[in-house]
Colleague: 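Below is a structure I'd like to ask you about.
By convention in this document, chain letters (A, B, ...) are assigned in the order of the sequence lines, proteins followed by strands, and residues within each chain are numbered from 1. Computation of the quantities below employed the complete heavy-atom set of this structure, encompassing side-chain atoms and omitting hydrogens, waters and symmetry-equivalent molecules.
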There are 2 protein chains.
Amino acid sequence: MANNLGVSIDRSSPVPLYHQVVQGIEAAINSGILEPGSRLDNEIDLAAQLSLSRPTMRKAMDELVRSGLLVRKRGVGTQVVSSQVRRPLELSSLYDDLTNNGKKPTTDVLGFSHIEADERTLATLALPAGSTVYHFTRLRKVAGKPLALMENWVRDDIVPMDQDLLAAEGLYAILRSGGVNFRLANQRIGAMIATDYQAGLLETLPASALVTMERTAVDDTGRRVETGHHVYRADSYSFEMTLVQR
Amino acid sequence: MANNLGVSIDRSSPVPLYHQVVQGIEAAINSGILEPGSRLDNEIDLAAQLSLSRPTMRKAMDELVRSGLLVRKRGVGTQVVSSQVRRPLELSSLYDDLTNNGKKPTTDVLGFSHIEADERTLATLALPAGSTVYHFTRLRKVAGKPLALMENWVRDDIVPMDQDLLAAEGLYAILRSGGVNFRLANQRIGAMIATDYQAGLLETLPASALVTMERTAVDDTGRRVETGHHVYRADSYSFEMTLVQR
DNA sequence: TATGTTCTCTTGATAGGACATACTAGGTGG
DNA sequence: CCACCTAGTATGTCCTATCAAGAGAACATA
C-alpha cells in the first residue's frame with residue numbers, strides 16, 4: 001500500500017476525499033493499526049503519502065479531532081487519544097442506534113390518533129392555532145425486554161401516516177422517505193419516577209427510575225417536524241457522549 | 001460599517017479572523033440584526049464585504065453550522081435557524097455553567113481524603129496499582145437550595161489540593177491553574193432513585209428521581225485527570241443539547 | 001398548457017502556496 | 001552544571017484558484 005496507515009484513496013468514488021481519509025483513519029484506529037497514544041506523521045507527510053493536498057488532509061483530521069479520536073498540539077504533532085467505545089450522539093432514532101449495534105428491536109404501537117394539537121404542541125412545533133397533528137405512543141423492546149416508551153407528535157402536512165406503517169418502518173425512516181431532511185434537534189435529558197402506567201408497560205418495579213428525553217427535530221426548511229417525549233428504563237439505558245474542548 | 005451585518009474585522013488582533021467572524025455573526029443573531037429564518041448573503045459576497053477570502057468566511061460559517069446557529073443548502077443559500085436559548089454543552093464544570101448564567105452557587109465540601117485508589121478508579125484513570133488519588137464529596141447549592149451532590153477522584157501527581165482550596169476555587173479552576181489543558185471528556189447521563197443519604201443532603205423526598213452523570217476528563221497529554229459521579233435533583237436540573245446533522 | 005431542457009446561482013470539494021506561532025530540544029555561555 | 005537562547009519542526013491561519021454538484025427559475029418545445 002502507498003502509506004503506513006492502510007488507508008487507500010479512490011479518486012473515482014463519489015465519496016469526498018477528506019471523508020475517505022476520515023473513514024480510513026477511523027478504521028486504522030479501530031483495527032489497532034494505530035494504537036491509542038501513538039503519534040501520527042505530520043500533516044504534510046501524510047498528505048504526500050496519500051497524494052493529497054494539505055488542506056484536504058487537515059479537513060479530515062479536523063473531523064477526527066472534533067469527534068474526539070485525535071488530539072493535536074501545535075509544534076508537537078497529532079496523536080490518537082483512545083479507542084474506547086463511543087456513542088456518537090448523532091441525529092438518529094433509537095431504532096437506528098440499536099440496529100447499528102446489532103440488536104433487533106421490535107416496536108408495538110400502543111395508540112395512534114390524528115388530533116387537534118394542544119397548546120404546548122402548537123408552541124413546540126410552531127404551528128398555527130387549530131392545526132392537527134399525528135399523535136402516537138410506541139413501546140420499544142429489545143430481545144423481548146421493554147426498553148423505551150415513546151410518545152410523539154408529528155406534523156400532518158408532510159407525509160400521510162397510519163398505525164401499520166409506523167409499526168413496520170420507524171418514524172424517522174417514514175419522514176425521510178417523505179422528503180424530510182433533518183438538520184438539527186434540540187434535546188433535553190432528565191429523570192423521573194415511573195408512574196404505574198409506565199412501570200407496567202416497561203415491566204419494572206413501581207416507582208423505579210426512568211431516563212427522560214424530550215426532543216424536537218427541525219428539517220432543512222426550518223420546520224419543526226416532530227417532537228417527542230421518551231422515557232427509558234434507567235437500568236438499561238443511558239446517554240454517552242464525548243465532549244471536545246476547542 | 002463596511003457590511004450589512006454590523007461585523008467588523010480587526011486584522012491586528014491576535015484573534016483569528018474566522019473567529020472574529022464567528023463572534024460577529026453570533027452577536028448579530030443574538031442582537032436581532034439577523035432574524036431567525038433570514039437568509040444571509042452568499043459566501044463570496046460576505047467574504048468581499050469583510051475583505052476576507054472565501055475559505056476564511058467558510059471556516060467561520062462551518063463553526064456556526066456545527067453549533068446549530070446556521071443551516072446551509074447547496075444551491076440555495078445559508079439561513080439563520082433559531083436563537084433559542086441553547087446550553088452549549090462544552091467542557092466545563094457546573095460551577096462555570098451556573099456562574100455564566102448569572103446565578104451564584106455555593107459549594108460545601110462534605111469530605112476530603114487522600115487515599116489509595118480502588119480497582120474501579122485505577123481502571124478509569126488508567127493508573128498503576130497502588131496509586132493514590134484525592135477523593136472528595138461536594139454539595140452544590142444555588143440560592144441556598146441544594147442542586148447537586150458530586151463525588152470526584154483526581155490524580156494527585158498534578159497539583160496539590162486541600163479542602164480549603166477546593167471550597168474556594170472550584171475543581172476545574174484549580175486544575176487549569178496547575179497547568180492542565182483539558183482536551184476532552186467522556187460523559188454518561190442516566191437516572192437513579194435517591195438513596196436516603198442522597199435525599200437527605202439534597203433535601204428532597206426519599207426515593208425521588210435523580211439525574212446521574214459520570215464524567216472522565218482527559219488532558220492534552222492523554223492523562224485521565226479526573227473522574228466524577230454526580231447526581232442532580234431531577235426537578236431542578238436537566239441536560240440540554242443541540243444535535244447537528246452533518 | 002404542460003413538460004423537459006438549459007442556464008445560472010449557490011454551496012461543496014480540492015489544490016497549492018505563504019507566513020505565523022507554539023513547543024521541543026540542543027547548544028552555548030555564564 | 002544550570003540557565004538561557006536559538007534553530008527546527010509541527011500545527012495554525014490565510015490566501016488565490018478552480019472545478020463539481022445541487023436547486024431553482026427561465027425558456028423552448030411538443
Colleague: Would you indicate whether B:E35, at its atom CD, is surrounded by more than 12 heavy atoms from other residues, nucleotides or ligands within a distance under 6.0 Å?
Modeller: no

Colleague: Can you check each nucleotide of nucleotides 9-19 of chain C against protein heavy atoms at under 4.0 Å and return B for base, S for sugar-phosphate only, - for none, in 5' to 3' order?
Modeller: -BBBBSBB-B-

Colleague: Are A:E226 and A:N152 close enough that a side-chain donor and a side-chain acceptor fall under 3.5 Å?
Modeller: yes

Colleague: Any side-chain donor-acceptor pair under 3.5 Å between B:R39 and B:Q79?
Modeller: no

Colleague: Can you name the closest pair of heavy atoms from B:V109 and B:Q163 and give their distance?
Modeller: O-NE2, 3.3 Å

Colleague: Would you please classify the geometry between the A:Y172 ring and the A:F182 ring as parallel, tilted or perpendicular, with 30° and 60° separating the classes?
Modeller: parallel

